[in-house]
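Read the structure below first, then the notes.
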Amino acid sequence: MCGIIGYIGKRNAIPVLIHGLKRLEYRGYDSAGISFLKDSKIGVRRCSGKIKDLETLIKKEKLKSTIGIGHTRWATHGRPSEENAHPHRADGIVVVHNGIIENYFELREGLKKRGHVFTSETDTEVICHLILRYSKSGYSLEDATREALKHLEGAYAIGVMNEAEPDKILAVKKDSPLVVGIGDGEFFIASDIPAFLKYTRDAMILENGEMAIITRNGVTVHDVRKNETVNKKAIQITWSPAMAEKGGFRHFMLKEIFEQPRAISDTIRGRFSLEKGEVNLKEFSLTESQLKKFNKVFLVACGTSWHAALVGKYMIEDMVRIPCEVDIASEFRYRKPIIPEHCLMIVITQSGETADTLAAQREARRLGARVMTICNVVGSTSAREADGIFYTHSGPEIGVASTKAFTTQLTALYLFSIALAKAKGTRNLKERQGLLNELLQLPEKVEKALYCHDAVKRMAKKYYDVRDFLYLGRGINYPIALEGALKLKEISYIHAEGYPAGEMKHGPIALIDNNMPVLALAPDDTVLEKILSNMEEVKSRGGKLIAVTVEGNTKVNSRTPDIIFMPGTNYYLTPIIFSIPLHLLAYHMAVLRKCNVDQPRNLAKSVTVE
Ligand code: F6R
């Protein structure tokens, strides 16, 4: 996830680009840059850091231009640095890009053989060189770009300028968002509407395969696949600027919950071959024979990431049959852990900067474990210090309460378990293909799971003024009960506990009376009958029950009228689907209690102290 902006018109483009980038900073903030045309020459200014660092860099120059493109980066390929910051340039061609070019490595090698010189580690740079290659053969910017696109696999929203065609910006979209703003004699491109909302409310939303050719006289849209002009109408945006920044959502947390189908798609994109039933191991820096040797796995993390680690234990032990230990990072580092030979430590951290997690990671390496991190922030300390990395490409998470980072961590663990199962020979080709096929359907199922929004809102209205809340789960969904409780505690300040349902009779059942709501996770799996009995126990003591189950399961109907139905999936992926109503419930209860959802009291997004 990155933010792109472009401007052509009568104003000075530089402040327009900077303003747009600031509005897009929520999409990425590790480096930034602009390019513009001055005295018929393309200029590029880039730096690592935030937009304010870019502003400081260009301040003294007092730059002026009436055309330019800009970018704020969230690194996916190549660490955050000035060289890897956008715009990227090849001779007179400059490009800003949001997305991932899956086949960039092969393309780059091919272009190098033809004499192209690369200066960054990014996937984006191949786009400039491909466009350059075709423009050198006499193609116009739009034709050269159209030819270049034929080589690209993956997702992109790109903005392009060419020194040789000084009054033109191109914008192309496939699977990454891109909008065109239509002002009075001026035009904008942006990843998101807030970037230009200050100047115009008229916008064209580009669809996949569409290319906007923008000159000072207007905008023409082409469908590059059909090679025909599209008669596209502008729409009027009615959002307020504050709403627009959050994509029309009231809070970042809600936006991030609804971003999950996209975030999961980005996390799995290019990571496996269904045909071979194989997970791409390149990024882990591990070979299959190294994987085969591991006979013990430690999973270490804090908070919500620790809940992902707990689910990971169920996935790995069930799929791969090797023992896993799960630790809260602050406990691991002080408990004198015993690290046997051939031991893998999986560290899970959204930020990659959590102090306790980093200390545990360092301790495990000191004791001889090989460390792999599942991390969302490219170039973070955890990623830099690990032996192998699995980046969850969920994009920046702004809400303090983790949502999309959690479900993409679970997705990463699922993929890693399949890789380990292949190396260890515990899942054959057909079984692995079945598992990967189910994963392919996951973004769509998560989309469907989000339909529960209205039902969850009704339940939030019913329960938002309670004092306590219990969450029950079993097996692989027990950590999801913990996660539901943590979310409710941290953003609504209601006291909540998650329990393995079988433990109720050993103490917590004493808490049940007619003031106690109990949410039971009841997937249609081998422990369904057990959880139904636990629900009976709650009901007979007057507790108020909410059930989360799968479509078609009528067995819960006699226990409670408050049921949330979720789409069915396999055993290992149920935690991803079931966490959705729980995150939404915590969100709506917190909103009804007028809590600061995105910045709950006493909390910080990155816990960089012990
Ligand atoms: C809860 C939450 C925290 C984090 C924890 C670890 O919603 O977000 O519990 O999960 O602070 O943070 P990372 O994953 O960045 O190490």
Query - Passing candidate, side chain to side chain contact (heavy atoms under 4.5 Å, CB included) with K555, options L528, T549, I531 - result: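 It is L528, the one option of L528, T549, I531 that forms the side chain to side chain contact (heavy atoms under 4.5 Å, CB included) with K555.
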Output side-chain donor-acceptor pairs under 3.5 Å for residues 293-305, partner residues at least two apart or in another chain, one line each.
unit_1 : atom_1 : unit_2 : atom_2 : d
K296   : NZ     : E325   : OE2    : 2.5
T304   : OG1    : E483   : OE1    : 2.9
T304   : OG1    : E483   : OE2    : 3.4
T304   : OG1    : K487   : NZ     : 2.8
S305   : OG     : Q409   : NE2    : 3.1

L442 side, atom CG; Y414 side, atom OH - distance, nearest 0.5 Å
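Between L442 CG and Y414 OH, I get 8.5 Å after rounding to 0.5 Å.
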*Pairs meeting criterion ring-ring contact (aromatic ring centres under 6.0 Å, His included) with involvement of residues 416-452, two or more places apart*: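 Every ring-ring contact (aromatic ring centres under 6.0 Å, His included) pair that includes a residue of residues 416-452, provided the two are not neighbours, is F284-F416.
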Would you say the side chain of [Y] lies within less than 4.5 Å of the side chain of [X], judging by non-hydrogen atoms?
{"X": "H97", "Y": "C128", "result": "no"}
{"X": "E397", "Y": "T403", "result": "yes"}
{"X": "L254", "Y": "K246", "result": "no"}
{"X": "T349", "Y": "I374", "result": "no"}
{"X": "V95", "Y": "H86", "result": "no"}

Can you check whether S394's main-chain N or O pairs, donor with acceptor, with T392's side chain at less than 3.5 Å?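 Pair absent, no side-chain N/O of T392 close to backbone of S394.
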message = Check this for me: does any side-chain nitrogen of one of R427 and D318 sit under 4.0 Å from a carboxylate oxygen of the other?
response =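 D318 and R427: salt-bridged.
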Quiz item: Are K313 and E317 close enough for a salt bridge, meaning some N to O gap below 4.0 Å?
Solution: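 A salt bridge links K313 with E317.
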| Full working for side-chain contact (heavy atoms from CB on, under 4.5 Å) between V126 and H129 | CA-CA 5 Å; V126 297; H129 284 275; 5.7 Å; no
- [ ] Would you check if there is a donor-acceptor pair between the side chains of T381 and E353 at a distance under 3.5 Å?
- [x]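 Their side chains do contain a donor-acceptor pair, which is all the 3.5 Å distance test asks for.
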message = Within the 3.5 Å criterion, strictly below it, is a donor on S382 or Q361 matched to an acceptor on the partner's side chain?
response =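 S382 vs Q361: donor-acceptor pair found between side chains.
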Enumerate, atom names and distances included, each donor-acceptor pair closer than 3.5 Å involving a side-chain atom of residues 472-481, sequence neighbours excluded.
unit_1 : atom_1 : unit_2 : atom_2 : d
R474   : NE     : N534   : OD1    : 3.1
R474   : NH2    : N534   : OD1    : 3.2

- Task: Please list all pairs passing the salt bridge (Lys or Arg N to Asp or Glu O under 4.0 Å) test where one or both residues lie in residues 405-416, with sequence neighbours left out.
- Result: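 Every candidate salt bridge (Lys or Arg N to Asp or Glu O under 4.0 Å) pair involving residues 405-416 fails, so no pair, neighbours aside, qualifies.
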- Query: What residue pairs, at least two apart or across chains, pass salt bridge (Lys or Arg N to Asp or Glu O under 4.0 Å) with a residue in residues 116-129?
  - Reply: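 Listed once each, the pairs are R79-E121.
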message: Please enumerate all residues that pass ring-ring contact (aromatic ring centres under 6.0 Å, His included) together with H307, with sequence neighbours excluded.
response: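 Checked H307 against ring-ring contact (aromatic ring centres under 6.0 Å, His included); zero matches.
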